[in-house]
K.L.:
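Quick one: the structure is below, questions incoming.
All values derive from a computational prediction rather than experimental measurement.
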Amino acid sequence: MPLLGVNIDHVATVRQARRTIEPDPVHAAVLAEMGGADGITVHLREDRRHIQDRDVRLLRQMIRVKLNLEMAVSQEIVDFALDVLPDMATLVPEKREEVTTEGGLDVAGQQGRVQECVHQLQQSGIACSLFIDPNVRQVAASADIGVEAVELHTGAYADATTSAAANAEFDRIVEASQFAVSRGLILNMGHGLTYRNVRKIAAIDGVNELNIGHSIISHAVMVGLERAVREMKALLT
Ligand code: PXP
């Protein structure tokens, strides 16, 4: 059974919609931990659209499970990571205008730059993962850099609109997985995974951890809304 890393970015998205203090992603992380999360993942984006520096610093103090910091290949964020010391750093591509991380990191096309960043992080004891498309060339480039893990991007599989397309994407994930395991890499996966599509991915041989955010936070709103309304209503009497 793979481990579950819960991405709590979108708790912060709701907070930042009002620039207020609730809902607090640190509180959410503690609840996720109580629910059995094996790790907490946050993406400190360069534009700070959801998670803030303060969140990561407090998470580092509060949670007992693994803290995985998603980050761009950027010296500003590397310096922050070296100060906060998450358990793992996952390097992702980042474009300011995107709604979410759109594709995997092109490790093969910028090996030197990625390696320099990984080297700094590893020297401080931070394990490194690279978020890449499920593609043997990108896995090979990642292994050559000497990272501990790769996270295969499952977005194309999740977004496929026909079963033929989903099956083709699934086959790419399996091929890249087998190659990653053969190169001794820890095999993680994530992006776009939902209650509907996760089982097939969870059953892939060698998968260590799945990182899931949007679907869990969406479901949490739905399973919690009725109680929240009832509690507000009780105050009106
Ligand atoms: N893994 C990585 C590297 C991501 O960038 C994200 C999105 O922030 C996720 C996993 C989680 O994706 P989702 O929110 O679609 O579950």
Side-chain angles (χ1 to χ4, degrees), residues 1-45 47-71 84 86-88 90 92 98-102 131 151 153-155 157-161 166 188-204 207-237:
M1 186 174 110
L3 301 172
L4 176 62
V6 177
N7 181 313
I8 54 169
D9 290 350
H10 295 309
V11 177
T13 302
V14 176
R15 178 191 59 192
Q16 294 310 110
R18 286 289 176 90
R19 305 259 192 283
T20 178
I21 58 167
E22 66 174 6
D24 193 321
V26 182
H27 186 181
V30 172
L31 293 175
E33 211 175 2
M34 286 168 65
D38 300 293
I40 298 296
T41 295
V42 287
H43 185 174
L44 184 70
R45 295 187 74 104
D47 64 10
R48 306 298 197 274
R49 69 173 70 155
H50 40 51
I51 292 294
Q52 307 295 306
D53 299 36
R54 161 269 187 209
D55 301 330
V56 190
R57 290 185 190 283
L58 281 176
L59 285 168
R60 176 69 295 179
Q61 293 173 38
M62 291 291 289
I63 63 169
R64 292 289 164 268
V65 293
K66 188 176 92 177
L67 176 62
N68 175 30
L69 179 65
E70 288 178 10
M71 49 181 278
V84 176
D87 301 293
M88 178 170 268
T90 299
V92 303
E98 71 192 353
V99 174
T100 182
T101 315
E102 278 164 3
F131 183 54
E151 179 174 334
H153 196 317
T154 49
Y157 160 78
D159 293 343
T161 51
N188 299 332
M189 297 185 198
H191 214 287
L193 297 177
T194 68
Y195 294 83
R196 288 196 174 87
N197 66 21
V198 73
R199 293 186 89 134
K200 204 170 162 185
I201 294 291
I204 292 175
V207 59
N208 169 67
E209 182 178 271
L210 301 179
N211 275 305
I212 307 181
H214 188 266
S215 187
I216 293 177
I217 302 306
S218 304
H219 190 52
V221 172
M222 292 305 166
V223 297
L225 191 58
E226 188 180 335
R227 176 174 157 192
V229 171
R230 209 174 282 123
E231 289 180 8
M232 180 61 83
K233 189 90 178 161
L235 294 175
L236 310 185
T237 58

K.L.:
Nearest 0.5 angstrom please: Thr13 OG1 to Ile51 CD1, how far?
P.N.:
7.5 Å
K.L.:
Does the side chain of Asn7 come within less than 4.5 Å of Glu70's, by heavy atoms?
P.N.:
yes
K.L.:
Are more than 12 heavy atoms from other residues, nucleotides or ligands located less than 6.0 Å from atom CD of Glu231?
P.N.:
yes
K.L.:
Which atom names give the shortest non-hydrogen contact between Val56 and Leu44, and what distance separates them?
P.N.:
CG2-CD1, 4.3 Å
K.L.:
What distance separates Leu59 CG from Met62 CE, expressed to the nearest 0.5 Å?
P.N.:
8.5 Å
K.L.:
Could you pull out all residues at least two apart from His153 that satisfy ring pair (Phe, Tyr, Trp, His ring centres under 6.0 Å)?
P.N.:
Phe131, His191
K.L.:
Determine whether a donor-acceptor pair (N or O, by modelled atom type, separation under 3.5 Å) exists between the side chain of Thr194 and the backbone of Asn197.
P.N.:
yes
K.L.:
Show the nearest heavy-atom pair for residues Ile8 and Pro25, with the distance to one decimal.
P.N.:
CD1-O, 3.1 Å
K.L.:
Would you say Ile40 and Asn68 make side-chain contact, with heavy atoms under 4.5 Å?
P.N.:
no
K.L.:
Suppose we screen for side chain to side chain donor-acceptor pair (under 3.5 Å). Which residues come up paired with Arg48, at least two apart in sequence or across chains?
P.N.:
Asp53, Glu76
K.L.:
I need the single residue from Met71, Arg49, His50 that forms a side-chain contact (heavy atoms from CB on, under 4.5 Å) with His43. Which is it?
P.N.:
His50
K.L.:
May I ask you to test the Val92-Thr90 pair for a side-chain heavy-atom distance under 4.5 Å?
P.N.:
yes
K.L.:
Check this for me, if you would: do Asp24 and Arg54 make a salt bridge, where the nitrogen-to-carboxylate-oxygen distance has to be below 4.0 angstrom?
P.N.:
yes
K.L.:
Show which side-chain atoms of residues 210-224 pair as donor or acceptor with protein atoms under 3.5 Å away, not counting sequence neighbours.
P.N.:
residue: Asn211; atom: OD1; partner: Thr41; partner atom: OG1; Å: 2.8
residue: Asn211; atom: ND2; partner: Glu151; partner atom: OE1; Å: 3.1
residue: Ser218; atom: OG; partner: His214; partner atom: O; Å: 2.6

K.L.:
Please examine the side chains of Arg15 and Glu22, heavy atoms only from C-beta on, and report whether any two atoms are closer than 4.5 Å.
P.N.:
no
K.L.:
Do side-chain atoms of Glu209 reach the backbone of Val207 as a donor and acceptor pair under 3.5 angstrom?
P.N.:
no
K.L.:
Indicate the atoms forming the closest heavy-atom contact of Gly39 with Val65, along with that distance.
P.N.:
CA-CG2, 3.8 Å
K.L.:
Would the distance check show the side chain of Arg60 and the main-chain N or O of Arg57 forming a donor-acceptor pair, the cut-off being under 3.5 Å?
P.N.:
no
